[in-house]
Amino acid sequence: MSTNTYIAIAVAMMVNAVVFGIGAVTVLSIPALGENAKYLIPAVVVVTFCVTPFIAWRIAPRLRLRYWRERGELGA
């Protein structure tokens, strides 16, 4: 497996926690959604597991030194 894959797997755990937290807080803090929390919280879990790999895969290359070295050469 490539380095980006290893980084994406490590980042996915953190991304999963953050995305779930945002979804859970949203469901529980809005009264209209709180009434249906027993259906929406499992939906948040499913959506989180579906979205997490894509977000982690976008973040992983930015965590490599090569990315920052290329940006430094461009003067950014």
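No experiment lies behind these values; they were computed from the predicted model shown. Only this structure's heavy atoms are used, side chains among them; waters, hydrogens and symmetry mates stay out.
To the nearest 0.5 Å, atom CG of residue Asn4 and atom CH2 of residue Trp57 are 5.5 Å apart. For the atom pair CE of Met14 and CD1 of Ile55, the computed distance is 13.0 Å after rounding to the nearest 0.5 Å.
Through chains of ILVMFWY side-chain contacts below 4.5 Å, Val18 is grouped with Ile22.
Applying the side chain to side chain donor-acceptor pair (under 3.5 Å) rule to Ser29 yields no partners; only residues at least two apart in sequence or on another chain are considered. Contacts of Thr26 classified as side chain to side chain donor-acceptor pair (under 3.5 Å), with partners at least two apart in sequence or in another chain: none. For the side chain to side chain contact (heavy atoms under 4.5 Å, CB included) test, residues two or more places apart in sequence or in another chain that qualify with Thr3 are Ile7, Arg64.
Across Ala56 and Ala8, no two heavy atoms sit closer than the pair CB-O, 3.5 Å.
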Would you give me the side-chain donor-acceptor pairs under 3.5 Å for residues 33-53, sequence neighbours excluded?
| unit_1 | atom_1 | unit_2 | atom_2 | d |
| --- | --- | --- | --- | --- |
| Thr48 | OG1 | Val44 | O | 2.6 |
| Thr52 | OG1 | Thr48 | O | 2.5 |

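If you chain together hydrophobic residues whose side chains sit under 4.5 Å apart, Phe20 and Val15 never meet in one group.
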